[in-house]
Amino acid sequence: MRKRFALVGAAVAALVLSLLTVVPAHAAAGFTVSNGRLLDANGNDFVMRGVNHAYTWYADRTTQALKDIKATGANTVRVVLSSGDRWTLNNAADVAGVIAQCKANKLICVLEVHDTTGYQEQSGAVSLARAVEYWKSIQSALAGQEKYVILNIGNEPWGNTGYTGWTQATKDAITSLRAAGFQHTIMVDAPNWGQDWAFTMRDNAASVFAADPQRNTVFSIHMYGVFDTAAEINDYLNRFVTAKLPIVVGEFGHDHSDGNPDEDTIFATTQSLKLGYLAWSWSGNGGGVEYLDMVTGFNAAQLTTWGQRAINGANGIKATSRQASVYDGGTGPDTTAPSTPGTPTASGVTATGATLSWTASTDNVGVTGYDVVRVSDTTETAAASSATNTTTITGLTADTTYTFAVYARDAAGNRSTRSGTVNVTTQSGGGGGSCAVTYKVAGQWQGGFQGDVKIANTGTAAVNGWTLRWTWANGQTVSQSWGATTSQSGATLSATNVSYTGTIPVNGSVSFGFIGSWNGTNSTPTGFTLNGAACTTA
């Protein structure tokens with residue numbers, strides 16, 4: 001089902017965004033933009049933390065999917081619709097039903113028309129003008145929903161052909177919607193399959209924003225292979241912030257056919273700049289990008305590696321999302337943090353893990369979960385999340401001392417002060433069990449390559465915490481990784497699980513990937529050990 005694209009050429013020389021004198025937000029009944037920030041209908045700052053859901057292809061999965069998405073802590077869902085040009089039409093009744101379900105789950109609903117994807121490059125793709133006609137045809141379902149709905153005019157509305165036409169077409173689409181009476185905040189996707197590698201949106205955003213008579217437009221960048229370095233991500237987002245132009249990351253993933261996006265920087269930078277993000281996508285991807293599913297088969301109990309990262313990882317949805325204040329029953333946003341959890345105690349300590357328990361927190365509305373962090377001097381790193389006052393930490397190193405603490409959080413995203421700390425020293429030894437390793441070069445270019453590794457547990461007991469080692473034959477080195485933490489001593493590479501890949505169930509597997517360099521020859525390693533035990537190769 002899911003489209004994706006070819007990465008195009010070299011970077012275009014950076015141009016500075018025109019600084020904009022921002023007029024006061026239009027006095028509307030719903031979301032507004034003021035001074036570069038998105039405000040909800042109560043005038044409160046709103047930072048999207050959410051997920052994309054492919055409604056137009058999986059309408060029958062939507063009722064449960066939206067409940068499950070809300071359970072992650074998400075405050076927003078971006079919903080794929082069809083104008084009927086490429087897929088089955090979603091009429092006004094369909095859209096009204098989706099909005100009602102978003103509201104029932106206290107989610108802000110970003111609605112997008114997918115038929116515009118790759119216009120002028122992908123067969124059958126339609127123009128933004130055609131998307132506007134679709135929005136007009138279902139206006140009855142949208143009127144009065146400005147507090148809960150944002151209109152994303154069209155998904156990735158230009159490919160890599162004729163993309164300079166994006167600026168005027170986007171201005172025309174915005175003014176046409178306003179002339180038709182739409183009061184909603186409007187979201188516009190970038191050209192170049194959403195990734196704006198030629199900086200058309202970046203360098204024309206100020207004039208597009210000014211074309212909206214309500215000054216109520218938000219820009220959306222999609223971050224896949226084009227955004228594979230921290231420098232690129234930080235430069236792009238900070239230019240919008242400096243120019244006081246509202247920007248969100250409307251789609252992104254942990255991997256892609258066009259390159260390896262730096263998802264950790266996307267999470268960290270959007271959090272530090274208080275910018276929204278919407279992960280692609282809940283479930284149902286096809287066409288070779290199934291790895292972008294956050295859950296397997298729409299089963300919320302089966303988070304994928306990407307789902308674990310996006311939901312439970314550092315700066316992920318669970319730790320950073322705050323519910324929109326329009327769902328607070330008119331009482332205003334909940335700003336009261338839970339009480340401080342009790343100092344955790346450790347039990348069941350092994351060579352690779354431990355169980356932590358603590359006295360539960362209290363809250364004026366209700367505690368929704370706890371975040372366990374690893375403490376090292378003044379640095380904290382996410383270790384686990386739990387809905388209850390106990391959790392099991394995995395993936396630790398044998399004979400090592402760790403320090404842990406706990407935060408409580410509520411549905412509004414308020415976080416308690418940190419608990420006292422507990423020191424945990426793991427036992428000696430490891431234990432690997434039987435294992436099979438599949439190693440492949442997913443892509444290779446002059447001097448560099450992407451490697452993918454799958455570890456299968458072929459033994460009779462679960463593996464809780466692991467380190468996989470192999471020795472290169474040709475001097476290869478690793479520069480970055482995901483799904484595991486890597487270190488190298490000479491030719492020997494050690495890959496240790498991160499929190500969300502720590503457990504390998506019997507007959508189960510986990511995967512991780514990396515970017516490496518090579519010179520002359522890039523042969524495949526032939527010997528692997530898991531926690532010191534030899535693995536077969538598959």
Side-chain angles (χ1 to χ4, degrees), residues 49 72-73 254 263-264 267-268 271 303-321 337-338 340-361 367-410 413-427 430 462-467 481-487 494-505 510 512 531:
R49 289 286 181 267
T72 68
H254 68 304
E263 71 276 11
D264 288 339
F267 282 112
Q271 178 63 12
L303 287 176
T304 64
T305 299
W306 169 225
Q308 288 277 12
R309 173 66 188 92
I311 296 166
N312 297 320
N315 301 305
I317 291 169
K318 189 163 288 186
T320 65
S321 177
T340 305
T343 300
T345 59
S347 62
V349 179
T350 67
T352 58
T355 297
L356 300 180
S357 302
W358 56 90
T359 301
S361 297
V367 174
T368 58
Y370 298 88
D371 300 320
V372 180
V373 295
R374 189 179 302 166
V375 181
S376 178
D377 295 325
T378 59
T379 302
E380 294 181 358
T381 55
S385 294
S386 177
T388 66
N389 60 324
T390 186
T391 191
T392 298
I393 308 293
T394 60
L396 305 181
T397 301
D399 197 23
T400 303
T401 298
Y402 296 88
T403 302
F404 296 102
V406 181
Y407 292 92
R409 51 183 156 74
D410 61 20
N414 298 307
R415 208 182 196 200
S416 71
T417 55
R418 196 177 78 186
S419 73
T421 59
V422 61
N423 292 328
V424 178
T425 301
T426 54
Q427 297 179 358
V463 175
N464 293 307
W466 51 265
T467 296
S481 60
W482 53 96
T485 300
T486 58
S487 61
S494 298
T496 301
N497 68 276
V498 294
S499 61
Y500 52 89
T501 58
T503 299
I504 314 177
V510 296
F512 67 93
N531 292 344

Could you check T72, T320, N315 and say which one makes a side-chain contact (heavy atoms from CB on, under 4.5 Å) with R49?
-> T320
Can T340 and T417 be counted as having a side-chain donor-acceptor contact under 3.5 angstrom?
-> yes
Under the 3.5 angstrom rule, does the side chain of T304 hit a backbone N or O of G307 as a donor-acceptor pair?
-> yes
Does Y500 reach the side chain of I311, with side-chain heavy atoms less than 4.5 Å apart?
-> no
State the OG1-CH2 distance between T305 and W482, to the nearest 0.5 angstrom.
-> 12.0 Å
I393 and V424: side-chain contact (heavy atoms from CB on, under 4.5 Å), yes or no, with the steps?
-> CA-CA 11 Å; I393 308 293; V424 178; over 6 Å; no
Check: N464 side chain, T503 main-chain N or O, donor-acceptor pair, under 3.5 Å = no
Qualifying residue, where the test is side-chain hydrogen bond (donor to acceptor under 3.5 Å, both in side chains) with T467 and the options are T485, N531, T496 | T496
So, the side chain of W466 versus the backbone of T501: is there a donor-acceptor pair under 3.5 Å, distance only?
-> yes
Contact summary for Y402 and T426, nearest pair of heavy atoms = CE1-CG2, 4.1 Å
Which heavy-atom pair separates P341 from A408 by the least distance, and what is that distance?
-> CG-N, 3.7 Å
Looking only at heavy atoms, what is the nearest atom pair of A383 and R374, with distance?
-> CB-N, 4.2 Å
Closest non-hydrogen atom pair between A360 and N389, with its separation | N-ND2, 3.9 Å
Between W306 and F267, what is the ring plane arrangement, given parallel below 30°, perpendicular above 60°, and tilted in between?
-> tilted
The residue among N423, T421, D377 that forms side-chain hydrogen bond (donor to acceptor under 3.5 Å, both in side chains) with T403 is N423
Is there a donor-acceptor pair closer than 3.5 Å between any side-chain N or O of T390 and the backbone N or O of L356?
-> yes
Where T391 and S385 come nearest, the two heavy atoms and their spacing | OG1-O, 4.3 Å
Side chains of T345 and S357: is there a donor and an acceptor less than 3.5 Å apart?
-> no
Could you tell me which non-hydrogen atom of G353 sits nearest to which non-hydrogen atom of L396, and how far apart they are?
-> CA-CD1, 4.0 Å
Quick one: does N497's side chain have a donor or acceptor within less than 3.5 Å of a partner on A484's backbone?
-> no
Distance-only polar pair, side chains of S419 and T343, donor-acceptor under 3.5 Å | no
Test D371 against every option in K318, R418, R415 by the salt bridge (Lys or Arg N to Asp or Glu O under 4.0 Å) rule and name the one that passes.
-> R415
Are the side chain of Y370 and the backbone N or O of S361 linked by a donor-acceptor pair below 3.5 Å?
-> yes
